[in-house]
Amino acid sequence: MSHDSLELRSTITADAQLRLELVPVTLPDPGPGQLLVRIEAAPVNPSDLGLLFGPADLSALEQGGTAEAPVLTAPVPQGAMAAMRARIDQSMPVGNEGAGTVIAAGPDQTDLIGRRVAMMGGAMYATHRLIDAREALPLPEGADAEAGAALFVNPLTALGFVETMRAQGHTAMVHAPAASNLGQMLVRICRDDGIGLVNIVRSAEQAAMLRDLGATHVVDSSTDSFRADLEQAIAETGATLSFDAIGGGETTSIILNAMEAVAARSMDRYDRYGSGTFKQGYIYGALDTGPSVLRRGFGFSWQIGGWLLFQQLQRLDPAVVEAMRARVAREMTTTFASAYTARVSLAEALSPDTARAMNRKATGAKYLIRP
């Protein structure tokens with residue numbers, strides 16, 4: 001028996017056009033180890049936007065198709081096409097995670113039929129998803145799909161930061177920007193686990209919100225005293241590790257320089273190579289797609305690298321990953337709760353105004369697709 005589904009697909013064509021549309025697909029019955037899930041909620045995370053929109057010029061979006069089957073198109077700058085070579089003319093499903101109800105299962109998974117599950121694995125902006133049961137997390141009885149829709153990307157990223165910190169011998173960290181859903185989760189984790197955390201935000205309102213959650217060290221980058229405040233918070237926590245979702249600009253550079261300024265306070269003699277305190281900066285996002293700028297005043301004991309959740313999970317001990325997943329399930333309505341500002345259907349997601357709003361990556365403006 002086959003099952004009809006509808007998937008949101010993104011294509012960049014050879015003639016430099018982005019095309020977004022809803023594509024009918026046919027899914028087979030699940031085999032051993034598989035589940036067929038009716039998707040009921042899927043969040044729009046910053047990590048989804050690169051595949052969804054690519055480098056297209058969304059100011060020039062045009063809508064076509066019909067109300068039931070809308071199509072969005074936008075031009076892709078010719079200068080960006082070389083980087084898109086591997087995906088040209090490929091109709092690509094989108095959506096890293098979601099939640100829904102199991103409507104069919106392989107012969108070894110029938111106990112999950114009727115259960116609501118959270119999932120990670122791509123192609124979640126759809127009405128149905130055939131998925132390996134290992135990529136699904138059964139939700140507690142009575143949990144709704146919205147509560148379970150975002151239980152992988154942000155929660156496991158926040159917990160992954162903590163595991164990276166411990167594995168590399170750091171004791172505290174800096175996070176920017178910290179007022180996002182992920183940042184709020186990290187505040188709760190560090191509050192509950194007694195971990196020093198410096199939160200960089202961009203307004204007094206965001207600072208007040210994080211303090212209300214229990215954050216101790218919050219610095220506002222919009223103030224004249226930002227750099228001095230950052231140094232003070234690093235001195236109080238001993239942070240030597242940072243996670244930067246902005247990517248472009250000087251955020252990581254500013255943090256490393258602040259760490260070095262704090263370390264230099266305890267040097268008993270001058271060293272032209274700077275302090276021996278090791279400082280690690282990770283860039284894990286690209287909210288700003290411009291160049292990452294380093295103004296090197298932080299000595300020679302430092303390192304900068306990329307941090308990607310899916311790669312990190314593969315490097316961790318499977319028992320650690322399972323413990324992380326178990327904690328997320330236990331604390332899904334507390335530590336790992338997400339808030340949404342808008343809920344849209346698949347068709348509504350394909351309107352120019354909604355597409356542009358989703359792509360703004362504004363703090364506190366998170367979209368949920370309800371297929």
Side-chain angles (χ1 to χ4, degrees), residues 30-37 39 42-43 45-48 51 93 95-100 102 105-113 115-124 129-141 143 145 147-171 173 175 181-182 185-186 188-190 192-195 197 241 243 245 280 282-285 303 305-338:
Q34 292 184 317
L35 306 173
L36 181 66
V37 181
I39 298 177
N45 294 313
S47 56
D48 296 307
L51 179 58
N96 281 323
E97 64 181 337
V102 178
D108 57 337
Q109 302 291 333
T110 56
D111 59 314
L112 289 176
I113 295 176
R115 286 288 303 273
R116 189 161 273 147
V117 297
M119 302 171 289
M120 181 171 70
M124 296 297 170
R129 179 68 159 85
L130 184 67
I131 195 165
D132 191 312
R134 291 174 298 183
E135 302 299 328
L137 177 67
L139 300 179
E141 291 292 341
L151 288 188
F152 282 98
V153 175
N154 283 345
L156 294 183
T157 297
L159 289 172
F161 290 171
V162 173
E163 293 302 326
T164 297
M165 180 198 75
R166 290 170 173 159
Q168 296 183 0
H170 302 276
T171 58
M173 63 184 119
H175 181 224
N181 272 265
L182 189 158
M185 293 176 189
L186 190 60
R188 298 183 190 111
I189 292 168
C190 292
D192 295 344
D193 293 8
I195 296 169
L197 175 65
L241 173 68
F243 293 94
Q280 172 73 58
Y282 283 113
I283 293 174
Y284 76 98
Q303 193 168 70
W307 195 101
L308 185 65
L309 171 64
F310 307 110
Q311 294 174 353
Q312 295 297 323
L313 291 178
Q314 292 173 358
R315 293 170 185 158
L316 288 173
D317 185 315
V320 172
V321 176
E322 189 57 36
M324 291 163 62
R325 286 164 58 110
R327 179 171 181 178
V328 171
R330 287 195 310 271
E331 302 175 26
M332 61 178 288
T333 61
T334 53
T335 305
F336 303 107
S338 289

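What you see is a predicted model; the values in this text were computed from it and never measured.
- Paired with Met124 under the rule side chain to side chain contact (heavy atoms under 4.5 Å, CB included), one option of Asp48, Ile39, Val37 passes, and it is Ile39.
- The structure places CD of Glu163 at 11.0 Å from CG of Leu156, a figure rounded to the nearest 0.5 Å.
- Of all non-hydrogen atoms in Ala42 and Ala149, the two that sit nearest each other are N-CB, 4.3 Å.
- The CG atom of Leu139 sits 7.5 Å away from atom CZ of Arg115, with the distance rounded to the nearest 0.5 Å.
- Between Thr335 atom OG1 and Leu186 atom CG the span is 11.0 Å, to the nearest 0.5 Å.
- The shortest side-chain heavy-atom distance between Tyr282 and Thr164 falls under the 4.5 Å cut-off.
- Ser47 is linked by a side chain to side chain donor-acceptor pair (under 3.5 Å) to Asn96, counting only residues two or more places apart in sequence or in another chain.
- Nearest heavy atoms, Met332 versus Pro140: SD-CD, 3.4 Å.
- Counting heavy atoms from C-beta on, the side chains of Pro155 and Arg327 never come closer than 4.5 Å.
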Criterion side chain to side chain contact (heavy atoms under 4.5 Å, CB included) on Phe152 and Leu137, from CA distance to verdict: CA-CA 9 Å; Phe152 282 98; Leu137 177 67; 3.9 Å; yes

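- Ring orientation note: the planes of Tyr284 and Phe161 are nearly perpendicular, at an angle over 60° on the 30°/60° scale.
- Here Asn45 contributes atom CG and Glu97 contributes atom CD; the two are 5.0 Å apart, rounded to the nearest 0.5 Å.
- In this structure, Pro32 and Asp108 approach most closely via the heavy-atom pair CA-OD1, 3.5 Å.
- The closest side-chain heavy-atom distance from Leu130 to Gln34 is below 4.5 Å.
- For the pair Ile195/Arg166, a side-chain contact is recorded, criterion being any heavy-atom separation below 4.5 Å from C-beta on.
- Smallest separation of non-hydrogen atoms from Ala105 and Ile113: CB-CG1, 3.8 Å.
- Between Phe336 and Leu151 the shortest heavy-atom distance is O-CD2, 4.2 Å.
- When each of Glu135, Gln109, Arg129 is tested with Leu35 by the rule side chain to side chain contact (heavy atoms under 4.5 Å, CB included), just one qualifies, namely Gln109.
- Here the straight-line distance linking atom CD1 of Ile189 with atom CD of Glu331 works out to 8.0 Å at 0.5 Å rounding.
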Start with the C-alpha distance between Thr157 and Met185, add both sets of side-chain angles, then the distance that settles side chain to side chain contact (heavy atoms under 4.5 Å, CB included), and finish with yes or no. CA-CA 10 Å; Thr157 297; Met185 293 176 189; over 6 Å; no

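- Summarising the geometry, atom CG belonging to Asp192 is positioned 8.0 Å from atom OG1 belonging to Thr334; distances are rounded to the nearest 0.5 Å.
- Residues Gly100 and Met119 share a closest heavy-atom pair of N-CE, 4.4 Å.
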